Amino acid sequence: MSEEKKSLNFLEHIIEEDLASGLTKDKLRFRFPPEPNGYLHIGHAASICLNFGLGQKYNAPVNLRFDDTNPAKEEQEYVDAIKKDIKWLGFQWDKELYSSDYFQQLHNWAIDLIKKGKAYIDNQSSEAIAKQKGTPTEPGVDGPNRNRSVEENLVLFEKMKNGDFEEGSHILRAKIDMQHVNMHMRDPIMYRILKKSHHRTGDTWNIYPMYDWTHGESDYIEQISHSICTLEFKSHRELYDWYVDQIRDANKLRPKQREFARRNLSYTVMSKRKLLQLVEDGHVNGWDDPRMPTISGLRRRGYTPEAIVKFSEISGVSKRDNVTDVALLEFCIKDDLNKTAPRVLAVLNPLKVVITNYPENKEDFFDASYNDYVDGFGSRKVPFSREIYIEKEDFREEANKKFFRLKLNGEVRLKNGYIIKANDVIKNKQGEIIEIHCTYDKDSLSGSGTEASKRKVKGTLHWVSVTHALKAEVRLYDRLFNDEAPDSYKDRDFKEFINPNSLKTIEAFVEPSLKSVKIGDRFQFQRLGYFNVDNDSKPEQLIFNRTVSLKDSWAKIENKPKTIQPDKTIEGIMPLAGKYLKSREEDERLTLLAQINKQSKEVSSETLLNLIKNANSNKEYLAYLMILNSQNIIVDFSKNENLEPVNKFIGVALQMKNSYVRFQAVNFIGKHLDFKTSHEDLLKIMSIEDKNTHIIERLKEF
RNA sequence: UGUCCCAUGGUGUAAUUGGUAACACACCGGUUUUUGGUACCGACAUUCAAGGUUCGAGUCCUUGUGGGACAACCA
């Protein structure tokens, strides 16, 4: 069959170009180079899928190379975890290698550089060195040790190696150009003294090579054709090339570093440092906590490797900053599990239902397929008896006709079972519903083929038999952070946005067929979501994690704010705001502003308040702020319940990237000084640091 | 005050290298349904701005605007 035409990403374009201009396919070789100082996360998965994906596409080998040049931070534990994660994702590396394998070679090359007068020993303090280095805008100056003789350098380097010097006292630097525009070229450090035991080389070395000196040379040794890393290494490329060129044999391949944007996910953080903080401060229960964006966390949560690989594929790769919606990741796992997970019955929030016309000691076993729509899943028997549990949310005494579930005097089908009708509600002294009395239609058994069994009722509920059900612990997870990009604020700590309710543990009832589940097994709990068996689960104490819930259209219908009527006035303003956002022309903006102000007259404050609560794009924020700012609209701030949403809205707006939005937010506070106090600190910082001069000017006015 | 990178719907990516904006997710509307799931159908952007080159520009040039990276004996 002809291959489906797939568009290439920019890295594949580069490779295709290299291939077209003479590089032969057998020269292609890639590598994945983690530092073993932490656990892999979903961002690394992107890099893994990229490198190994390239390997698969071009049938080229991919090395796994641990970048272990800093013994202070690296441990064997991490090496093992990383290997496990890569294998789990389904990738096979060609060679398992370590930068530390090259310590001797690197050392030899360093001596060559010294001999060529291209490296020297510096024994100044780190402060002095930093000072001489200059800043991105000012050139550096040569230090006093720059012209030390080759002989002396060799002696000193030998002494460094032998451990004759203290940590921090001496370094080996490349001699390049202290005035270079690129900071990394201003005599970068090649070796530092570290009297630490290395997880592989033990105490053999007292000096360790730096990243830049190691990475390019390692790529060269392994003859990696394309060394792919993240964008922040872009400015290291010049140094990478310089180092490789110092030692390179003209007949051998010169590796090529290229950079892509790291993948960010909404509602989480993705740096090892921050993840480590979450673990150490006890906000989560370890690196493999199911709420963590680590590979091990996702695995424990119930994610499949297929879903993660798919996510990486459809996310793509580019050179621009990004925040990918977690909804995309969730889609990938739902899509996978929808095709593979057997469906079973479980009740998370039980309400007892008594079938009054069903004999007390009788039981029935219904045939229940693990998947009604796809063959090959098999089936099991589910027990039915006089008393069952249904979900509390599935019953209401009174409800409108949009509510398809059980209501008093209403009918509903029990999945795989009978149609039942609610006749009575039993309440306790507090007036809470504790039991429902129903009658069942004897002829309506699912699959029995009778007329009654074919009757259509609007709702179908999941349920379990009280006497047969198994108790199980179920862990319900929510996003770890309340904010879309918790680490994007300059002056706020990401931990401020931690969602205090990200884990809810409940006791639930599951159908008896789940008695013999194994750790890691995945199921769909019908109508609820996908769940897997947690590592802590035991046959006598079952524990399930909710991997992801099913799409809940009912919640949407129910929570839909009824007060928002489609408002034509707002609709007219939105495109104007969009144009305003894009316009850079003062006159045009003024015209647009006038139009918006004019139209704002007709917007009711009630509509506006509702919209404010759900605002989530630059355009929306801008439009609502402009409406708020037009003198024609008066929002009722005297009501307390209005204050908080507006305040929150302003708080977010003040920190948005778009300067128009920030300006309008500042402007709003200027007009309504009551709101100033809650944002005082932020405003103070903005009045000094904000990049937009209009904002600073406006801030001076109040 | 420097150098470099980036800019396509709400989000993430495409666009046969200059030929008339595509895919996925999200959202909204609908059909089917013994899961308010799934599946299916439909709606949703003229590509940051201005100018230039061209028969033709998301793509090339210029200027501007906005965002990001770079001053660890970390990687």
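A note on names: the letters A, B, ... follow the listed sequences, proteins ahead of strands, and every chain is numbered from 1. Heavy atoms only: backbone and side chains are in, while hydrogens, waters and symmetry mates are out. Keep in mind the model is a prediction, meaning the values are calculated, not measured.
Checked by atom type and distance alone, the side chain of Ser444(A) never pairs as donor or acceptor with a backbone atom of Tyr440(A) at under 3.5 Å.
Here Ser446(A) lies in heavy-atom contact (under 4.0 Å) with a base. Across all strands shown, His462(A) has no heavy atoms under 4.0 Å from either base or sugar-phosphate atoms. Nucleic acid contact class of Phe233(A) (heavy atoms, under 4.0 Å, all strands): base. Among the atoms of the strands shown, only primed sugar atoms or phosphate atoms (P, OP1, OP2) are found under 4.0 Å from some heavy atom of Val323(A). Leu8(A) comes within 4.0 angstrom of the backbone, heavy atoms only, and of no base.
Comparing the P positions of rG67(B) and rU1(B) gives a spacing of 16 Å, expressed to the nearest Å. If you take atom P in rG2(B) and the same atom in rU63(B), they sit 14 Å apart, rounded to whole Å. Annotation: rA50(B) and rU65(B) have their C1' atoms spaced 10 Å apart (nearest Å). A distance of about 12 Å separates the P atoms of rA7(B) and rG12(B), rounded to the whole Å. Distance check on atom C1': rG10(B) versus rU47(B) gives 16 Å, rounded to whole Å. Nucleotides rC44(B) and rA21(B) place their C1' atoms 14 Å apart, quoted to the nearest Å. Taking the C1' atoms as reference points, rU46(B) lies 15 Å from rU59(B), given to the whole Å.
Ring-plane geometry between Tyr98(A) and Phe66(A) is classed as parallel, the angle between the planes falling under 30 degrees on a 0 to 90 degree scale with a further cut at 60.
Remark: Arg263(A) is in phosphate contact with rU13(B), judged by side-chain N or O atoms under 4.0 Å from OP1 or OP2. Checking the phosphate oxygens (OP1, OP2) of rU59(B), no side-chain nitrogen or oxygen of His13(A) falls inside 4.0 Å. Between Arg192(A) and rC74(B), a side-chain N or O to OP1/OP2 separation shorter than 4.0 Å is present. A close approach under 4.0 Å does occur between a side-chain nitrogen or oxygen of Lys319(A) and OP1 or OP2 of rC6(B). The side chain of Ser318(A) places an N or O atom within less than 4.0 Å of a non-bridging phosphate oxygen (OP1 or OP2) of rU13(B). Proximity of Arg527(A) to the phosphate of rG36(B): a side-chain N or O atom is located under 4.0 Å from OP1 or OP2.
Remark: His184(A) pairs with His236(A) by the ring pair (Phe, Tyr, Trp, His ring centres under 6.0 Å) rule, at least two apart or across chains. Scored by the ring pair (Phe, Tyr, Trp, His ring centres under 6.0 Å) test, His170(A) finds Phe165(A) as partners (sequence neighbours excluded). For His41(A), the ring pair (Phe, Tyr, Trp, His ring centres under 6.0 Å) partners are His44(A), not counting sequence neighbours. Applying the ring pair (Phe, Tyr, Trp, His ring centres under 6.0 Å) test to Tyr243(A) and every residue at least two apart in sequence or in another chain returns Trp213(A).
In this structure, Phe10(A) and His215(A) both approach RNA chain B, and ranking their closest nucleotides by distance from the 5' end singles out Phe10(A). Between Trp554(A) and Asn322(A), the residue anchored nearer the 5' end of RNA chain B, judged by the nucleotide with its closest heavy atom, is Asn322(A).
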List, with names and distances, any nitrogen or oxygen atoms from the protein found under 3.5 Å away from nitrogen or oxygen atoms belonging to nucleotides 18-27 of chain B.
residue : atom : partner   : partner atom : Å
rC27(B) : OP1  : Lys556(A) : NZ           : 3.3

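For the segment residues 122-139 of chain A, residues with any heavy atom less than 4.0 angstrom from an atom of RNA chain B are, sorted by number, Gln124(A), Ser126(A), Thr135(A), Pro136(A), Thr137(A).
Here the two rings, on Phe523(A) and Phe531(A), have centers that are 6.0 Å apart or farther. Ring centroid separation for the pair Phe311(A) and Phe331(A) does not come in under the 6.0 Å cut-off.
In this structure, Arg173(A) is not positioned above the aromatic face of Tyr120(A) in the sense of NZ or CZ being under 6.0 Å from the six-membered ring centre and within 45° of the axis.
Taking the charged nitrogens against the carboxylate oxygens, Asp394(A) and Arg405(A) do have a contact shorter than 4.0 Å, which makes a salt bridge.
Under the salt bridge (Lys or Arg N to Asp or Glu O under 4.0 Å) rule, Glu411(A) has a single partner from Arg455(A), Lys456(A), Lys458(A), which is Arg455(A).
Here rU54(B) sits opposite no nucleotide as a Watson-Crick or G-U wobble pair (both hydrogen-bonding atom distances under 3.5 Å). Taking a pair to require two hydrogen-bonding distances under 3.5 Å in either a Watson-Crick or a G-U wobble arrangement, rC27(B) remains unpaired. Using Watson-Crick or G-U wobble geometry with both donor-acceptor distances under 3.5 Å, rA69(B) finds its partner in rU3(B).
Glycosidic conformation at rU17(B) (O4'-C1'-N9-C4 for purines, O4'-C1'-N1-C2 for pyrimidines): syn, within 90° of 0.
Of the candidate nucleotides rC70(B), rA14(B), rC74(B), rA14(B) has the atom lying nearest to any side-chain atom of Ser7(A).
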